[in-house]
Amino acid sequence: MTLRLFNTLSRTVEPFAPLAPPRVTLYTCGPTVWNYAHLGNFRTFVFEDVLRRYLEYSGYDVLHVMNLTDVDDRTINAARAAGVPLQAHTRPFAQAFFEDGDYLRIKPAHHYPAATAHVPQMVELVSRLLARGVAYRGDDGSVYFAIDRFPAYGRLSRVERRDLKAGARVSSDEYAKEDARDFVLWKAARPEDEAVGAAWDAPFGRGRPGWHLECSAMARHYLGDTLDIHAGGVDLVFPHHEDEIAQSEAATGRPFARFWLHGEHLLVAGTKMSKRYGNFLTARDLRDDGWDAAAVRYLFAATHYRKQLNFTDEALSAAAAGAQRLAEFRERLLSAPSAPPGRVADLARHIEQAFEARMDDDLDVAGAIGGIMTMVREVNAEIDLRGGMSVEERQTFLAALDRVTEVLQVVPAAEAVPEIEVTAGPMPAMEAALGGALPAGPGPGEDLRAWATRMAELRVACRRLRRWDRADLVRRLLEDQGFEVRDTRDGVRLVPGRRTPKGA
RNA sequence: GGCGCCGUAGCCAAGUGGUAAGGCAGAGGUCUGCAAAACCUCUAUUCGGCGGUUCGAAUCCGCCCGGCGCCUCCA
């Protein structure tokens, strides 16, 4: 059984094998750090994280590079608007990107090359293309790639030719091109660029790199001429990835990437999530609203990566409930009493086999979770039937469960939910409380948690005294403040109610 | 206009020729003083519509309807 992946180059699912096993070179297009990356961007990054983790699960040694685009029109415009140098503006957003990645449990890439730190590599690449005659200097001083000198142009996106709409506005730099379809490798410096330090000297003129250039130059610098896998969002297929192929292959004469993987868009109310439409949400929004990253990942995992996913609060809540069930199950597994061995070891084998079968089929994560959930039910039924499991069974199953969930990262951290637990201790003077009015919320100078703890103690006392009416009243007050009341064998546990986003 | 994708239960969704995974919600049950949580059971004769191919189709082909994406910055 081997991993099979949908390759955009062939538009078919192909068996995957790296050029030099066990090493797999993986290049993924990262964010443009002009602002916070939104959740749609992160859908792609999470997909790539699952890809990376599954390759590692499968025994490969992955070398992962993700670029940071820190010089382009948007970063320059934003820096100018803020009146600061380019990097003063981009650095905080790069930092925010890493924070969001940590929150979403994305495994860090081995390298995060920034475009501005690799200008020499890009200059070298442009020089090669000029020397080979596939690039030329336009009248405006910029350097362009001549796509009619690269016959394979269009192979990835299957765009034979870009038909400019009749009457479409042609931007000024279009006039400098020999062919309207040519794309810019190096943009001649403008005063606006100089103002924020976004211009560099080069043998072919002072300027800044075109967008596509950085990926070709940096991928080659860190991973060599030919990548095993290059991944990104579908919107990059054309022109970004098409242009990368043209630049790289024209320069090296070798295939640029063997597998091209593209993740589909995240939609909101049926439309692509985008800064431009204003319908976006950031990872930090979800974090600040109290959502566990596992819920977000579960939501993404529920839909295949090549299918559009419509984001809704309802879907996120449903995903959170599913993820929570996995956490509860894991807790139950840990605390199940000892019993003679049954069939749990068999189920452990099965959970991994089913997982691999689904994942090997072009990363069918949704199918993989279905298999895990089925095993959850089977093991629960075993615990119910036999009262527990053997120590060996527990270890075996837990190890298998952890191996598969390590790839998906859909199990909320056990300690993620701040709880209040009160057990029956020495009985304080409760007589008054058992009769008088009860505080419906925190008193002056008292925080919610202190009040809730006080009320929980009260409920324990009421229950011990069998004053069910008072115990019920206390529970209602706690529930009104958003706490879920769970009686335990010898006390009470309060769990903050499930959260919903304030707005999206 | 060109290229491509999608349409499966109340909601989300897997499944690409062999007779419908899974999750959420809902119903019943176990547990509980009552609850909550957890766990168990149940919930689509049917896969947008109409034709066709086939012993057999959600899965292949054609047409139609509905939705989305790319073709320009974009994950």
Side-chain angles (χ1 to χ4, degrees), chain A residues 8 11 13 28-32 34 37-48 69 72-74 77 154 157-166 168-169 171 211 231-240 262-267 270-277 298-299 301-304 306-310 312 314-326 328-329 331-332 354 358 361 364-377 379-381 383-385 463 466-469 471-472 475-476 478-479 483-489 492-495 497:
Chain A
T8 305
R11 308 282 161 124
V13 176
T28 57
C29 285
T32 300
W34 67 290
H38 63 62
L39 204 60
N41 300 320
F42 275 107
R43 183 193 182 194
T44 297
F45 301 142
V46 167
F47 143 61
E48 292 161 349
T69 299
D72 77 325
D73 288 346
R74 287 177 297 172
N77 291 340
S157 59
R158 308 210 169 166
V159 174
E160 291 303 320
R161 66 184 64 182
R162 277 202 278 166
D163 298 314
L164 290 179
K165 287 178 195 162
R169 212 171 67 82
S171 63
W211 174 39
V234 278
D235 47 4
L236 299 186
V237 174
F238 187 88
H240 187 53
H262 293 97
E264 256 295 352
H265 288 314
L266 184 67
L267 310 184
T271 309
K272 172 178 159 182
M273 178 179 283
S274 165
K275 292 264 170 54
R276 177 190 186 178
Y277 302 139
Y298 194 104
L299 173 69
T303 302
H304 189 89
R306 284 194 287 115
K307 209 173 156 187
Q308 293 170 340
L309 165 55
N310 197 30
T312 61
E314 294 71 29
L316 181 57
S317 294
Q324 187 57 33
R325 186 159 166 222
L326 287 172
E328 301 278 3
F329 171 70
E331 286 302 303
R332 191 176 190 215
R358 293 322 316 145
D361 183 12
D364 177 11
V365 176
I369 287 192
I372 292 170
M373 284 300 186
T374 301
M375 289 303 104
V376 166
R377 192 181 62 236
V379 172
N380 271 321
I383 294 173
D384 286 351
L385 183 70
R463 295 188 71 233
R466 304 195 160 266
R467 283 295 303 275
W468 309 124
D469 57 327
D472 289 346
R475 180 174 61 207
R476 216 198 65 225
L478 281 164
E479 284 171 350
F483 289 96
E484 191 176 277
V485 179
R486 300 183 190 175
D487 292 333
T488 59
R489 203 157 80 183
V492 160
R493 190 150 46 126
L494 302 183
V495 180

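Both backbone and side-chain heavy atoms feed into the values below; hydrogens, waters and symmetry mates do not.
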Check: Expressed as a whole number of Å, how far does the P atom of rC60(B) sit from that of rG7(B)?
Finding: 11 Å
Check: When the C1' atoms of rA9(B) and rG15(B) are considered, how many whole Å apart are they?
Finding: 15 Å
Notebook entry, point to check: Between atom CZ in Arg158(A) and atom P in rC70(B), what is the gap in whole Å?
Noted result: 19 Å
Check: How far apart are the C-alpha atoms of Asp384(A) and Arg332(A), what are their side-chain angles, what is the distance that settles it, and do they pass the salt bridge (Lys or Arg N to Asp or Glu O under 4.0 Å) test?
Finding: CA-CA 11 Å; Asp384(A) 286 351; Arg332(A) 191 176 190 215; 2.6 Å; yes
Notebook entry, point to check: Within the pair Lys307(A) and rA14(B), is there a side-chain N or O less than 4.0 Å away from OP1 or OP2?
Noted result: yes
Next item on the list: For nucleotides rA57(B) and rU46(B), find the distance between their C1' atoms and express it as a whole number of Å.
Entry: 12 Å
Check: In whole Å, what separates the C1' atom of rG51(B) from that of rG69(B)?
Finding: 29 Å
Notebook entry, point to check: Under 4.0 Å between a side-chain N/O of Lys272(A) and OP1 or OP2 of rA75(B), yes or no?
Noted result: no
Margin query: Closest-nucleotide mapping onto RNA chain B: is Arg11(A) or Ala318(A) further toward the 5' terminus? I mean the 5' end.
Written below: Arg11(A)
Notebook entry, point to check: Expressed in angstrom and rounded to an integer, what is the separation of Asp364(A) atom CG from rG22(B) atom P?
Noted result: 14 Å
Check: Can you check the Asp384(A) CG to rG29(B) P distance for me, whole Å?
Finding: 17 Å
Checklist line | Rounded C1' spacing from rU8(B) to rU45(B) in Å | finding: 15 Å
Margin query: Work out how far the C1' atom of rC50(B) is from that of rC65(B), and round it to whole angstrom.
Written below: 10 Å
